[in-house]
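Here's the structure, in structure tokens; my notes come after.
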Amino acid sequence: SLHTPSSLHTPSSLHTPSLHPTPLHAAGVSCSTVFPAALVGKLALLGQKDVVIPVLVAGLEDRTRGGDPLWERIAQALFRHIPDNSLEAVLDAVMAYATPSQPSIVRRLLGDLVLLNPKAKFLLTHKAFLVKVPNRRQVLFNLIGYLSGDKLTRAMLAEALLALLDVWGNVSALRHMDHRQHMWLAQCLMLSTQHLEDTDITPLKPKLQSSVMAGIQAHIDSPVVVVRQVGMVVGEHLMNWLHPETAQPLAFEYEVSSEVEELHKLARYMSTREGIRSGR
């Protein structure tokens with residue numbers, strides 16, 4: 001009979017990471033990860049992702065920490081073979097439980113998955129930014145850290161930034177957006193800009209400029225104080241990021257709230273790396 005999530009008992013052995021290469025791996029023989037990937041996906045669909053994925057990720061983090069190419073290939077093959085119907089649940093948990101770091105641990109585990117799997121691309125460059133609001137802070141660092149891993153994925157991050165700005169500057173969307181969603185968009189904008197290089201944004205600068213200006217105006221016109229505050233913080237950060245050569249950086253006047261303090265701290269993430277520790 002089918003087990004429901006409430007009646008599914010996770011084996012106690014899953015609670016202790018125990019990952020060892022088989023003799024076949026040691027001998028250089030290729031071993032399929034299709035079955036273990038299907039098992040991980042099935043457990044995730046049955047509501048056990050918060051039990052299974054943290055253990056799996058912790059074990060793979062440990063095994064790949066020294067740059068072991070064998071374990072990196074195993075990890076990347078495992079996630080590449082996760083069935084599409086369970087991919088969202090698995091990726092959500094990986095982003096939630098992997099340790100935020102630079103360079104990205106998630107990059108070691110997933111490899112080029114976002115380039116190889118169209119569904120992974122949709123989940124990680126669209127849905128994760130524009131639809132979901134995660135409960136765990138490290139999702140922000142892991143998601144953007146992963147996408148900034150190389151030139152091809154940074155191009156995806158730059159396109160995601162444009163999509164974020166379209167929503168951020170949409171007056172109707174802003175009016176119907178709750179506070180958590182608004183702060184999530186602001187945090188994504190603040191952090192993603194710090195992971196993009198000049199060459200990533202040069203062809204997009206005209207679009208970025210107009211989108212940022214529209215977003216600033218939409219926020220300043222809002223009757224909600226916290227929306228105006230967040231909009232001014234993000235707006236000045238984005239304009240100064242686009243024009244670093246400006247002698248007098250843009251600076252609005254606003255009261256310092258908890259939201260403002262959080263965004264200011266995030267704006268210093270790449271220079272201080274305090275964000276990695278606070279994201280754990």
Side-chain angles (χ1 to χ4, degrees), residues 8-83 86-117 120 123-124 128 134-150 153 195 269 273-280:
L8 180 67
H9 297 285
T10 306
S12 60
S13 60
L14 282 177
H15 292 277
T16 304
S18 180
L19 301 173
H20 303 284
T22 66
L24 289 176
H25 277 129
V29 177
S30 176
C31 297
S32 175
T33 58
V34 173
F35 174 73
L39 177 61
V40 169
K42 186 65 173 180
L43 289 170
L45 285 179
L46 290 173
Q48 297 299 305
K49 67 178 183 179
D50 294 322
V51 176
V52 175
I53 302 299
V55 176
L56 176 64
V57 166
L60 291 174
E61 279 188 18
D62 181 62
R63 292 292 177 176
T64 60
R65 186 167 289 117
D68 186 330
L70 169 62
W71 275 105
E72 287 191 11
R73 288 199 302 273
I74 292 173
Q76 291 168 19
L78 175 70
F79 290 110
R80 193 165 60 247
H81 287 121
I82 297 291
S86 55
L87 186 60
E88 182 173 359
V90 171
L91 289 179
D92 284 351
V94 170
M95 294 297 171
Y97 292 108
T99 305
S101 65
Q102 288 291 337
S104 171
I105 284 176
V106 177
R107 185 77 194 175
R108 295 205 308 261
L109 303 186
L110 300 186
D112 292 331
L113 180 65
V114 72
L115 297 172
L116 301 172
N117 186 319
L123 293 172
L124 296 177
N135 293 319
R136 296 176 67 90
R137 183 174 170 81
Q138 54 261 53
V139 173
L140 175 69
F141 301 97
N142 282 329
L143 176 63
I144 294 176
Y146 171 63
L147 292 176
S148 63
D150 67 24
T153 54
H195 285 75
Y269 169 76
R273 297 294 168 89
E274 291 174 355
I276 295 176
R277 291 191 291 274
S278 64
R280 291 188 181 184

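Please read these numbers as outputs of a predicted model, since none were measured by experiment.
Between Ile82 and Leu87, the shortest heavy-atom distance links the atoms CG2-CA, 3.9 Å. Shown here for Ala37 and Pro83, the closest heavy-atom pair between the two residues is O-CD, 3.8 Å. When every heavy atom of Leu78 is checked against every heavy atom of Pro36, the shortest pair comes out as CD1-C, 3.9 Å. Heavy atoms only, all atoms of each residue included: Ala77 and Thr33 are closest at O-OG1, 3.1 Å. The two residues Ala89 and Ala44 make their nearest non-hydrogen contact at CB-CB, 4.0 Å.
By the 4.5 Å heavy-atom criterion applied to side chains, Asp150 and Arg107 are counted as neighbours. Looking at Leu113 and Leu124, their side chains never come closer than 4.5 Å, going by heavy atoms from C-beta outward. Counting only heavy atoms from C-beta outward, the side chains of Lys42 and Gln48 never approach each other to under 4.5 Å. For the pair Val40 and Ile53, the minimum side-chain heavy-atom distance is below 4.5 Å. The shortest side-chain heavy-atom distance between Thr64 and Gln76 does not fall under the 4.5 Å cut-off. Put simply, the side chain of Leu91 reaches to within 4.5 Å of the side chain of Leu110, judged on heavy atoms. Side-chain contact between Leu147 and His195 is absent, with no heavy-atom pair separated by less than 4.5 Å.
In this structure a side-chain-to-backbone donor-acceptor pair under 3.5 Å is present from Asn117 to Ala120. Judged by distance alone, with hydrogens and angles left aside, the side-chain atoms of Tyr146 form a donor-acceptor pair with the main-chain N or O of Val114 at under 3.5 Å.
Here the CG atom belonging to Leu109 is positioned 14.0 Å from the CZ atom belonging to Arg63, to the nearest 0.5 angstrom. Distance check: Asp68 CG to Arg108 CZ gives 10.5 Å after rounding to the nearest 0.5 Å. Atom OG1 of residue Thr99 and atom CD of residue Glu61 lie 3.5 Å apart, to the nearest 0.5 angstrom. To the nearest 0.5 angstrom, Arg65 atom CZ is 6.0 Å from Ile105 atom CD1.
Residues Tyr97 and Asn142 bring no donor and acceptor atom of their side chains to less than 3.5 Å of each other.
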